[in-house]
Amino acid sequence: MIEEPRWWRLERNGYTVSAGISGEFTCYSEDSPRTGTGHRNPAWGLALSWDGVLTATDEHGKATTAPGVLVPPGTRNTTHQPTGLTSVWIDPYCLALPRRPGILPLDRRQVSRLLAATAGGLDPEGLRRTVHHVLDGRTHAIDPRLRQALELLDHSTGIAEIADHVGLSPRRLRQLSAEVLGGTLPALRRWHRLREAGLLLPFFPAAEVATRVGFADQAHMIRTMVALCGRTPTSTMTAS
């Protein structure tokens with residue numbers, strides 16, 4: 001996990017794009033309109049419109065239009081933003097709600113508080129307090145074996161190896177992951193690699209970034225970004 005805040009900001013064609021990562025949070029902001037493709041991320045996803053409303057559509061075609069939305073882990077969705085947008089992804093074990101919702105609309109007051117918590121850089125402690133207060137959330141109580149597995153996630157070759165290290169069968173580890181994370185450990189590992197790639201893409205060729213963060217090749221990284229974020233590296237890095 002990337003603990004120390006890291007951030008970049010680009011200005012191109014009159015528009016601004018910025019990204020930051022620290023702890024369980026990944027933030028991405030852009031002041032140009034966008035419509036991504038359908039995607040499914042293993043993290044909680046906050047989409048926060050700067051001014052006006054956005055529309056998030058789930059895999060069944062149900063559209064939620066509001067100043068902001070919270071998308072649960074593993075929920076396929078497509079988001080259309082007519083104005084500037086800040087997206088915040090939260091690792092799934094770091095946010096638990098009283099009930100597991102579908103796409104949850106947020107009102108302007110909630111969105112304004114969350115946007116204020118991401119302004120001027122990324123303060124994970126302040127953002128964590130705001131997220132939990134605004135969403136009535138808490139941090140998951142995690143089986144210590146799953147927590148150990150999460151610590152090993154980015155440094156082990158396979159789930160069978162992790163399961164053996166923490167004293168669980170692969171099947172039981174998969175069950176714990178589904179119960180707490182709402183998804184699989186391999187999906188979360190791909191997301192962690194993509195987070196790291198997002199920090200490097202403005203400064204290095206995409207093929208080099210893919211190799212450095214653990215993807216098989218550039219094509220593998222692009223497929224992963226489209227599947228998890230609904231975007232390609234080119235569209236992410238280039239303001240419209």
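Small disclaimer: the values here were computed from a predicted structure and weren't measured.
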Okay, side chain of [X], backbone of [Y]: is any donor-acceptor separation there less than 3.5 Å?
X: Arg76; Y: Arg40; value: no
X: Asn41; Y: Leu228; value: yes
X: Ser177; Y: Leu173; value: no
X: Asp31; Y: Gly84; value: no
X: Trp8; Y: Gly198; value: yes
X: His39; Y: Thr78; value: no
X: Arg189; Y: Leu153; value: yes

Charged N to carboxylate O below 4.0 Å: is that the case for Glu196 and Arg212?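 No, no charged N to carboxylate O under 4.0 Å.
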With sequence neighbours excluded, what pairs up with Trp50 under the ring pair (Phe, Tyr, Trp, His ring centres under 6.0 Å) test? none
Please name the residue in the list Leu146, Thr139, Leu188 that meets the side chain to side chain contact (heavy atoms under 4.5 Å, CB included) test with Tyr93. Leu188
Quick one: [atom1] on [X] to [atom2] on [Y], what's the gap to the nearest 0.5 Å?
X: Asp123; Y: Arg129; atom1: CG; atom2: CZ; result: 6.5 Å
X: Thr64; Y: Asp58; atom1: OG1; atom2: CG; result: 7.0 Å
X: Ser169; Y: Gln175; atom1: OG; atom2: CD; result: 7.0 Å
X: Cys27; Y: Leu127; atom1: SG; atom2: CG; result: 5.5 Å
X: Thr224; Y: Arg190; atom1: OG1; atom2: CZ; result: 6.5 Å
X: Thr83; Y: Glu30; atom1: OG1; atom2: CD; result: 10.5 Å

Does a side-chain heavy-atom distance below 4.5 Å link [X] with [Y]?
X: Val209; Y: Phe203; answer: no
X: Ser29; Y: Thr118; answer: no
X: Leu95; Y: His132; answer: yes
X: Leu114; Y: Leu106; answer: yes
X: Leu181; Y: Leu150; answer: yes
X: Val111; Y: Ser49; answer: no
X: Tyr28; Y: Val17; answer: yes

Is it the case that the side chains of Arg195 and Thr26 hold a donor-acceptor pair, with the cut-off being a distance below 3.5 Å and no angle test? yes
For the residue pair Arg145 / Gln148, report whether a side-chain donor-acceptor contact shorter than 3.5 Å exists.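 The criterion, which ignores hydrogens and geometry beyond distance, is not satisfied for Arg145 and Gln148.
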Determine the minimum heavy-atom distance between [X] and [Y], stating which atoms define it.
X: Met221; Y: Ala197; answer: SD-CB, 3.9 Å
X: Pro233; Y: Leu201; answer: CB-CD1, 4.0 Å
X: Leu70; Y: Pro72; answer: O-CD, 3.7 Å
X: Asn77; Y: Thr75; answer: ND2-O, 3.0 Å
X: Pro42; Y: Pro73; answer: O-CB, 3.2 Å
X: Pro67; Y: Arg108; answer: CB-NH2, 3.4 Å

Evaluation steps, side chain to side chain contact (heavy atoms under 4.5 Å, CB included), between Asp91 and His192: CA-CA 9 Å; Asp91 274 356; His192 284 182; 3.2 Å; yes
Dump the intermediate steps for side chain to side chain contact (heavy atoms under 4.5 Å, CB included) on Val131 and Val88, then the final yes or no. CA-CA 10 Å; Val131 165; Val88 181; 5.7 Å; no
Indicate if [X] and [Y] have the same hydrophobic cluster label, given that clusters are the connected sets of ILVMFWY residues with side-chain heavy-atom separations under 4.5 angstrom.
X: Phe204; Y: Ile222; value: no
X: Leu115; Y: Val53; value: no
X: Leu104; Y: Leu48; value: yes
X: Val213; Y: Val226; value: no

Report the residues that fulfil side chain to side chain contact (heavy atoms under 4.5 Å, CB included) with Pro82, sequence neighbours left out, ordered by chain and then residue number. His80
Thr79 and Ser87: CA distance, side-chain angles, deciding distance, side chain to side chain contact (heavy atoms under 4.5 Å, CB included) verdict: CA-CA 11 Å; Thr79 301; Ser87 298; over 6 Å; no
Running the 4.5 Å side-chain criterion over Ile, Leu, Val, Met, Phe, Trp and Tyr, what cluster does Leu85 land in, apart from itself? Leu54, Val69, Val71, Ile103
Evaluate the criterion side chain to side chain contact (heavy atoms under 4.5 Å, CB included) for residue pair Trp44 and Leu135; output intermediate values, then yes/no. CA-CA 12 Å; Trp44 289 94; Leu135 302 179; over 6 Å; no
Can you confirm whether His220 is buried at NE2, in the sense that more than 12 heavy atoms of other residues, nucleotides or ligands lie under 6.0 Å from that atom? yes
For Asp51, I'd like to know if atom CG has over 12 heavy atoms of other residues, nucleotides or ligands within 6.0 Å. no
